[in-house]
Structures are given as structure tokens and as C-alpha cells.
Participant: 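Below is the structure I would like to discuss, written out as C-alpha cells.
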Amino acid sequence: MSSSIFPSQPGEIKKVQLSAPFSDQKPGTSGLRKSSRRFEELHYLESFVEAIFQILPGVNGGTLVLGGDGRYGNKRAIDVILRMAAAHGVEKVITTTDGILSTPAGSHLIRQNNAIGGIILSASHNSGGPDGDFGVKVNGANGGPAPESLTNAIYACTQTLSEYKIIDSAPISLSSIGQHSIFGMRVEVIDGVEDYIDLMQKLFDFDRISSFISHNFPIAFDALNAVTGPYATRLFEGILQAPVGTVRNGIPLSDFGGCHPDPNLTYAKELADLLLIGNSYAFGAACDGDGDRNMILGRGCFVNPSDSLAVLTANATCVPAYATGLAGVARSMPTSAAVDVVAQDLGICCFETPTGWKFFGNLLDSGQITLCGEESFGTGSDHVREKDGLWAVLFWLQILAEKKCSVSELMSQHWRRFGRHYYSRHDYESISSEIANDLYESLELKLPKLIGNSFAGSSIKHADNFSYQDPVDSSITDGQGLRILLNDGSRVILRLSGTGTKGATLRVYLERFVESNGDLTQNPQQALLGLITEIDQLANITKLTGMAKPTVIT
Ligand code: G1P
Ligand code: ZN
């Protein structure tokens with residue numbers, strides 16, 4: 001690595017007084033996520049970062065990884081965090097050119113460098129720019145999102161904070177790789193893409209994928225103007241030698257070009273139309289703002305994320321890194337049970353965790369699972385401690401290259417073997433928090449009386465608010481979503497989002513299982529109609545929200 005040592009900027013530690021603590025710094029499903037404007041308020045970012053440095057173990061003398069998805073506020077936050085890290089005695093910060101670092105690549109850097117953890121600046125799939133959202137996510141030494149014990153302690157710290165420490169010094173340049181120093185703290189600016197690509201090359205057989213896609217299997221990847229652009233360009237157009245133009249919207253923009261960097265059928269419509277209506281591509285994929293989510297499409301075929309996890313599990317031995325099989329798998333509670341059926345067939349354990357990647361951490365660390373995923377377009381493995389969008393795309397391509405078939409052929413074969421879990425998520429976004437809480441609480445009160453009642457052609461077997469005991473540290477997390485489980489295996493789940501920034505978002509998850517010899521070719525919304533109608537009546541969704549239909553249907 002070429003390096004230019006800049007003279008150390010001694011500066012001085014400044015203690016800045018806060019007039020009062022910020023009451024709204026409780027991290028949600030993945031870190032502290034607020035509007036960009038809120039983060040720009042005086043001392044707001046600094047307060048949260050101070051709490052991180054007071055709570056994260058090993059700060060004094062430790063190594064920290066720092067970067068983000070390039071959204072508005074990224075570079076300012078890097079400057080502030082670097083100067084605060086120096087004031088707290090961090091020995092070294094590894095950051096990246098232009099501050100560009102995807103969440104999975106950040107997780108890998110933490111692990112590779114034995115760092116005490118990392119700070120990843122992103123509001124994931126939420127829109128960016130001055131009118132969009134910003135976020136600060138803390139990862140621990142295992143490379144994964146901080147567990148609740150840590151985020152609760154960080155929040156508690158923000159509530160009693162009266163000052164923060166920062167060094168007064170000029171911003172360092174992130175425009176090229178190099179070595180810097182702030183108040184004795186080393187800052188290494190590295191290429192945030194390289195190490196991640198090296199890791200992918202260890203997991204997959206790139207020659208086979210390259211040869212497969214070069215033989216009449218055209219692929220399209222949409223980076224949605226977000227962080228995966230540079231990674232995908234090097235992977236697909238570079239190493240895999242796909243034609244230039246394979247990667248669309250591949251330059252990270254601070255406002256994501258005004259788009260919502262969320263890889264689903266609503267927000268990645270351009271790509272979806274290319275695959276579902278057009279005929280030019282055999283495979284399409286997209287990732288979200290910070291690169292941890294993925295959407296997989298085939299010609300005329302959308303792969304439901306719950307099914308995707310099941311397909312990866314069933315075909316894992318196609319990938320060199322998983323050729324000897326899987327230790328076990330896990331899915332978040334609202335994710336469909338498609339993977340459970342595969343796990344049972346393989347004779348491996350399948351764990352059901354609350355929503356949020358942090359709950360997979362202990363299972364991955366203890367070697368009990370190899371793959372895990374969520375219905376929200378998240379899939380990953382023990383190669384890092386975050387979900388990993390591009391890894392999932394490569395995994396799919398490797399399976400297709402080995403099976404030499406199309407996405408829709410692979411899906412039909414899968415369902416014919418394991419049965420099909422019709423699945424959909426209905427989101428009601430930006431509803432008032434009061435109405436959302438009312439709706440949720442009234443349904444929760446009804447749950448104990450529902451057992452035995454008929455529901456969508458079956459009857460209710462079990463209804464509760466999901467609670468989870470971590471198999472490794474025995475910690476209990478309750479209140480994780482209202483579940484209605486039917487005797488025919490169908491499920492309806494209601495949750496309130498923990499990542500939204502405007503009002504509340506109600507998520508309704510619908511699932512119905514059809515055996516392998518049943519009708520496997522229905523339209524999911526049609527197959528789920530009975531459940532959709534019944535839950536609307538039971539929870540009064542249309543009436544209470546005043547919304548005739550969900551904002552987003554996946
Ligand atoms: C959403 C998803 C969840 C995911 C999280 C972070 O959280 O539902 O699966 O882990 O984003 O990407 P929610 O808004 O539902 O709390
Ligand atoms: Zn994300």
C-alpha cells in the first residue's frame with residue numbers, strides 16, 4: 001500500500017458541555033436512525049458517539065473500523081468520529097477512501113483486523129440526502145451489530161450525558177489511501193472494496209460463474225446509486241467479465257439520486273420491469289443503501305426472500321465454501337418456514353430468532369449455524385456477522401452455474417420437492433404512532449381468547465407475542481411480534497417496525513403452506529386472500545389506519 005505520512009496534528013482535547021441530554025437516542029432494530037436534519041442539530045451526533053466511546057469495550061488503545069454508505073452526512077460524521085475517537089484514546093482507526101464501506105465489508109474488516117468494533121454510517125434502505133435519513137450503527141468485536149445489552153447501555157449513557165470530548169483539528173483527506181495521525185491516533189485510509197473482494201474469492205469459484213454467465217446468461221445488477229456500485233463493478237464487470245453496463249446506477253450518490261435504495265419490487269421497479277416484463281436478462285439482482293440486503297430475480301420470476309434462504313440452504317454444497325455442508329440455519333420469526341422444511345430434510349437444526357441481524361450473532365459465533373436470513377431481503381453466513389447482499393447474489397449465481405438452469409426452473413424444482421410457502425408482507429407506512437399502538441395493543445389483548453376459533457378455512461392453534469431465549473447466553477427478548485398460528489400451518493404475524501423515522505409502520509406477514517403435490521403456481525396474493533381478509537377484520541386494519549391498501553406489498 002502506498003502511504004504518505006502527514007505531520008501529526010496535536011490539537012487539544014476539548015470538552016463540550018451539553019445543556020441537556022437528548023431523549024431520543026435509543027437505537028432501534030439496527031442502530032440509531034433519524035432524519036438527516038435531526039443528526040445535523042448541534043451536538044446530536046456527538047452525544048451518541050460519546051456514549052458509544054464510553055460504553056464500547058476496549059476503546060482506549062483499540063482499533064476501530066469506520067465508514068458508511070456514502071449518503072449525505074457520511075463525511076462530516078467520519079470527521080467528527082475520528083476527532084472524538086482520538087480524544088478517547090483509540091489507537092487506530094481504519095477508514096476508507098471517500099468513506100465508502102458497505103455494511104458486510106465493514107463487518108469483515110472488523111474481524112480481519114481484530115478491531116474492538118466498528119461504526120457504520122447508514123440508514124440502510126431509507127432514503128438519503130438533507131431531507132432523507134441518516135444513521136449510526138455500532139458493531140462489536142465479532143463484526144456483528146451490537147447486542148441489545150450494549151445498545152441499551154449506550155442509550156442509558158446518552159440519558160445522563162453532560163459533555164463530550166473531541167479534538168479540535170482539521171479534517172483529514174479521504175480522497176486517497178494513506179496514513180494520517182490525529183492527536184497521536186493513527187488513521188489508515190484504505191480501499192474499502194479490496195478486502196471484501198478477496199474474501200468473496202475465497203468463498204466462490206469465480207471461473208465457473210464467469211464461464212456460465214458468458215454463455216447466454218445475461219445478468220443485470222442495480223446498485224440503486226448506493227454503496228454496492230464500486231464493489232459490484234469490480235466483481236461483475238471486472239473479475240466475472242460481464243459486459244460493461246451490467247451494473248446499473250453504480251456510482252454512490254449522497255441522495256441516491258432521489259431514489260429509495262431498497263431492493264424490492266416497489267423501489268427497484270426499473271430492474272424488476274427489466275426481468276419481469278422485458279426479455280433481455282436471465283438474472284437480475286439489487287442491493288440496498290449499505291449493501292446488506294439483496295433481491296433476486298429471474299426471467300419472469302421474483303424470488304421471495306424467505307424462499308431464497310431455503311434455496312441457498314438446499315443447494316449450499318454447490319458453493320466451495322459450504323461444500324462439506326452446513327452446521328445449522330436460522331431465520332427471523334416472521335420469515336417463512338420454507339427453510340425449516342429444508343433443514344429437517346438435511347437433518348440440521350433450524351433456529352427461530354426475533355427480527356434483526358443481531359440475534360444471529362451468538363448462533364454464528366458458537367458455530368451452531370452457517371446460514372441465516374430474514375424475509376426482509378437479508379441473507380448471510382458465518383463469513384461475516386452481517387447480512388450480505390453481494391454474497392447472496394454470488395451464491396445464487398454459483399448454484400445456477402452448477403445446476404445449469406434458470407431461476408424459475410430452480411424454484412419449481414424446489415417447490416416440487418419441499419412444497420411451497422406462499423408468503424407476503426404488507427406494510428402500512430407513516431401511520432400515526434398512536435393509532436399503530438392502539439391497533440397492536442387491542443389485538444394483543446384479544447390473542448388469548450382466539451385459540452380454537454376458525455380462521456381463513458382453518459382454526460387458530462396458538463396466538464402469542466413472540467418471546468425468545470438466546471440459546472447461548474440465555475438472555476430473554478420479549479414483545480417481538482403478535483403471532484397467530486393456524487392448524488393447517490398458516491401464520492399471520494403483526495409487528496411495528498423498529499427502523500422507521502416517520503410515525504409508525506405496521507408490518508403484516510402472511511404465510512400459507514401448500515404440499516409438494518398441491519397447486520404450486522398460484523399468485524401469492526390470491527393464495528393468501530383468506531388470511532388477508534381475516535386479519536383485516538380481526539385487527540381492524542383498514543378502519544383504524546384509514547388505508548384501503550398497504551403502502552408496500554412484498
Ligand atoms: C427491518 C426488517 C428487519 C431488518 C431491519 C434492518 O426492520 O424488517 O428484518 O433486520 O429492517 O435491515 P423493522 O423496520 O421491521 O424493525
Ligand atoms: Zn441495509
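Order of appearance sets the numbers: ligands from 1, and atoms from 1 within every ligand.
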Participant: Do any N/O atoms on Arg507 end up under 3.5 angstrom from N/O atoms on ligand 1?
Facilitator: yes
Participant: Should Leu56 and Val138 count as side-chain neighbours, where that means a heavy-atom distance under 4.5 Å?
Facilitator: yes
Participant: Is the Tyr196-Tyr231 ring centre distance short of 6.0 angstrom?
Facilitator: yes
Participant: Take a 6.0 Å sphere around CD of Gln344 and say whether it holds more than 12 heavy atoms from other residues, nucleotides or ligands.
Facilitator: no
Participant: With heavy atoms under 4.0 Å as the rule, classify the contact between Ser376 and ligand 1 as side chain, backbone, both or neither.
Facilitator: side chain
Participant: So which protein heavy atom does atom 7 (O) of ligand 1 come closest to, and at what separation?
Facilitator: Thr499 CG2, 3.5 Å
Participant: Check each atom of ligand 1 against the heavy atoms of Gly498 and keep those under 4.0 Å away; list them by number with element.
Facilitator: 13 (P), 14 (O), 16 (O)
Participant: Does ligand 1 come near enough to Arg495 that some N or O of the ligand is less than 3.5 Å from an N or O of the residue?
Facilitator: yes
Participant: Can you tell me, to 10 degrees, how wide the angle at the Zn ion (ligand 2) is between OG on Ser124 and OD1 on Asp292?
Facilitator: 160°
Participant: If you measure only the distance, is there a donor-acceptor pair under 3.5 Å linking the side chains of Thr355 and Gln480?
Facilitator: no
Participant: Please report which non-hydrogen protein atom sits nearest to atom 1 (C) of ligand 1, along with the residue it belongs to and the distance in Å to one decimal place.
Facilitator: Arg293 NH2, 3.6 Å
Participant: Would you check the N or O atoms of Tyr509, main chain and side chain alike, for any that come under 3.5 Å of an N or O of ligand 1?
Facilitator: no
Participant: For Gly378 and ligand 1, answer yes if some heavy atom of the residue is under 4.0 Å from a ligand atom, otherwise no.
Facilitator: no
Participant: Is a donor on one side and an acceptor on the other found under 3.5 Å between the side chain of Asn74 and the backbone of Ser254?
Facilitator: no
Participant: Where is the nearest protein heavy atom to atom 12 (O) of ligand 1: which residue, which atom, and how far?
Facilitator: Lys387 NZ, 2.8 Å
Participant: So for Glu386, does at least one of its heavy atoms come nearer than 4.0 angstrom to any atom of ligand 1?
Facilitator: no
Participant: In this structure, are over 12 heavy atoms from other groups packed under 6.0 Å from Glu41 atom CD?
Facilitator: yes
Participant: Counting only N and O atoms by type, is there a donor-acceptor contact under 3.5 Å from the side chain of Thr228 to the main-chain atoms of Ala232?
Facilitator: no
Participant: When the ring planes of Phe236 and Phe221 are compared, do they come out parallel, tilted or perpendicular, using 30° and 60° as the limits?
Facilitator: tilted
Participant: Is Arg425 touching ligand 1 with its side chain, its backbone, both, or neither, if touching means heavy atoms under 4.0 Å apart?
Facilitator: side chain
Participant: Calculate the angle formed at the Zn ion (ligand 2) by OD1 in Asp290 and OD2 in Asp288; 10° precision is enough.
Facilitator: 90°
Participant: With nothing but distance in play, are any N or O atoms of Leu496 less than 3.5 Å from an N or O of ligand 1?
Facilitator: no
Participant: Between the side chain of Glu511 and the main-chain N/O of His421, is any donor-acceptor distance below 3.5 Å?
Facilitator: no
Participant: How close does the nearest protein non-hydrogen atom get to atom 4 (C) of ligand 1, and which residue and atom is it?
Facilitator: Glu374 OE1, 3.5 Å
